[in-house]
2 protein chains.
Amino acid sequence: MGSIGEEIKQKEFANEYSKLLINVLYTASWLNGLQSSVFKEHKLTPQQYNSLRILRGQYPEAASVNLLKDRMIDKMSNVSRIIDKLKAKELVTRKPCKHDRRQVDIKITDKGLMLLEVIDEQMVDWEKNLHTISVKEAAATNALLDKWRS
Amino acid sequence: MGSIGEEIKQKEFANEYSKLLINVLYTASWLNGLQSSVFKEHKLTPQQYNSLRILRGQYPEAASVNLLKDRMIDKMSNVSRIIDKLKAKELVTRKPCKHDRRQVDIKITDKGLMLLEVIDEQMVDWEKNLHTISVKEAAATNALLDKWRS
DNA sequence: TACAAATGTATGTTTTTACACTAAGTGTAG
DNA sequence: CTACACTTAGTGTAAAAACATACATTTGTA
């Protein structure tokens with residue numbers, strides 16, 4: 001039950017590598033769908049959530065647009081506009097950097113931190129959906145994916 | 001070294017499951033970026049490519065919009081509009097289904113089949129980038145991801 | 001100092017996605 | 001046959017992504 005071949009009704013793959021390619025893309029789409037349903041009630045996109053998380057990681061320091069871009073899951077994102085959205089919701093502040101006037105200092109607000117706390121709680125429950133494999137198996141998958149990308 | 005922690009400069013994860021969540025999303029984004037560079041020269045999006053592949057799988061039969069939607073990697077896609085784009089490039093045809101007039105018969109054209117052949121050749125080379133793990137390891141990862149989603 | 005190259009961020013434009021909604025066709029129970 | 005629920009595909013609209021390009025600032029160098 002639930003093999004990638006059954007999910008997308010594709011009986012054969014050329015080899016395990018192209019199967020893995022599809023499997024990772026499919027699993028990511030599956031995860032995104034699940035996650036989005038959590039974010040939706042807070043009117044956040046996955047990218048906005050990702051940015052907020054990174055900014056919390058820096059807190060109380062500020063982050064530049066480039067730092068954010070480097071750490072984003074999706075490197076193709078347009079960070080400036082994601083920050084625009086978050087700023088409009090007062091979840092972050094954006095002010096010129098003193099040391100380098102090209103840069104901007106982006107910082108998560110208290111409102112942003114509180115929102116993340118609320119989402120954190122929901123995510124703890126939500127993540128239980130992911131406990132279908134053992135911790136050891138999850139660690140093994142992590143190691144394999146890391147090796148695959150190298 | 002390319003562990004997910006280093007890639008996105010996140011030192012700690014709550015547990016192996018949330019690490020795996022990030023790892024799969026990150027790996028998918030990485031794959032999408034790599035793939036897009038292949039598709040781009042043919043002016044195809046990953047979704048359009050995915051649709052063409054499915055249609056080739058059905059060939060010489062036609063497919064309905066729903067069949068396509070079911071088999072797409074990304075279930076959220078708006079198939080009607082993807083087909084619009086492919087039809088504009090004459091890669092598929094779309095005609096009313098005789099047996100059920102709600103449905104449409106979508107079929108890949110010779111031009112579409114030829115395009116896929118060209119891309120296939122490029123993909124064979126491209127996929128060698130993915131041979132950083134053994135076939136056994138790839139199969140193990142596939143099995144773990146399948147189990148994780150179940 | 002002057003000036004070209006590099007860097008950091010923002011913006012314009014086009015394409016794609018997300019989501020809700022519409023319209024047409026089918027199947028079925030009464 | 002008719003009414004009604006359901007299926008199938010397409011569309012309108014707002015939001016977001018993709019991609020190239022512009023602009024100000026900083027850096028390196030002659």
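Keep in mind the model is a prediction, meaning the values are calculated, not measured.
- Using a 4.0 Å heavy-atom cutoff across all strands shown, A:Thr45 reaches sugar-phosphate atoms only and no base atom.
- Atom CG of residue A:Asn50 and atom CD of residue A:Gln48 lie 11.0 Å apart, to the nearest 0.5 angstrom.
- Counted within 6.0 Å of CD on A:Glu41, heavy atoms from surrounding residues, nucleotides or ligands total more than 12; the atom is thus considered enclosed.
- Classified by interplanar angle (parallel below 30°, tilted 30° to 60°, perpendicular above 60°), the ring pair B:Trp148/A:Trp30 is perpendicular.
- Annotation for B:Asp125: atom CG counts as buried by contact number, over 12 foreign heavy atoms lying within 6.0 Å.
- The distance from atom CG of A:Asp74 to atom P of D:dA16 is 15 Å, rounded to the nearest whole Å.
- Across the protein-nucleic acid pair, B:Asn32 atom CG and D:dA18 atom C1' stand 12 Å apart, rounded to whole Å.
- Within the 4.0 Å cut-off from OP1 or OP2 of D:dA16, at least one side-chain nitrogen or oxygen of A:Lys85 is found.
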Sugar-phosphate or base contact per nucleotide [nucleotides 7-14 of chain D; S, B, -; heavy atom under 4.0 Å]: BSSBBBB-

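- Residue A:Lys43 is classed as having no contact, given no heavy-atom separation below 4.0 Å to the nucleic acid.
- Contact record, B:Ala140 with A:Leu144: CB-CD1, 4.4 Å, taken as the closest heavy-atom pair.
- For A:Lys40 and C:dT17, the NZ to P distance is 17 Å, given to the nearest whole Å.
- Residue B:Arg101 has its side chain nearest to C:dG25 when only C:dG25, C:dC19, D:dC19 are considered.
- Summarising the geometry, the separation between NZ on A:Lys87 and P on C:dT9 is reported as 15 Å, rounded to the nearest angstrom.
- Within a 6.0 Å radius of NZ in A:Lys87, other residues, nucleotides and ligands contribute 12 heavy atoms or fewer.
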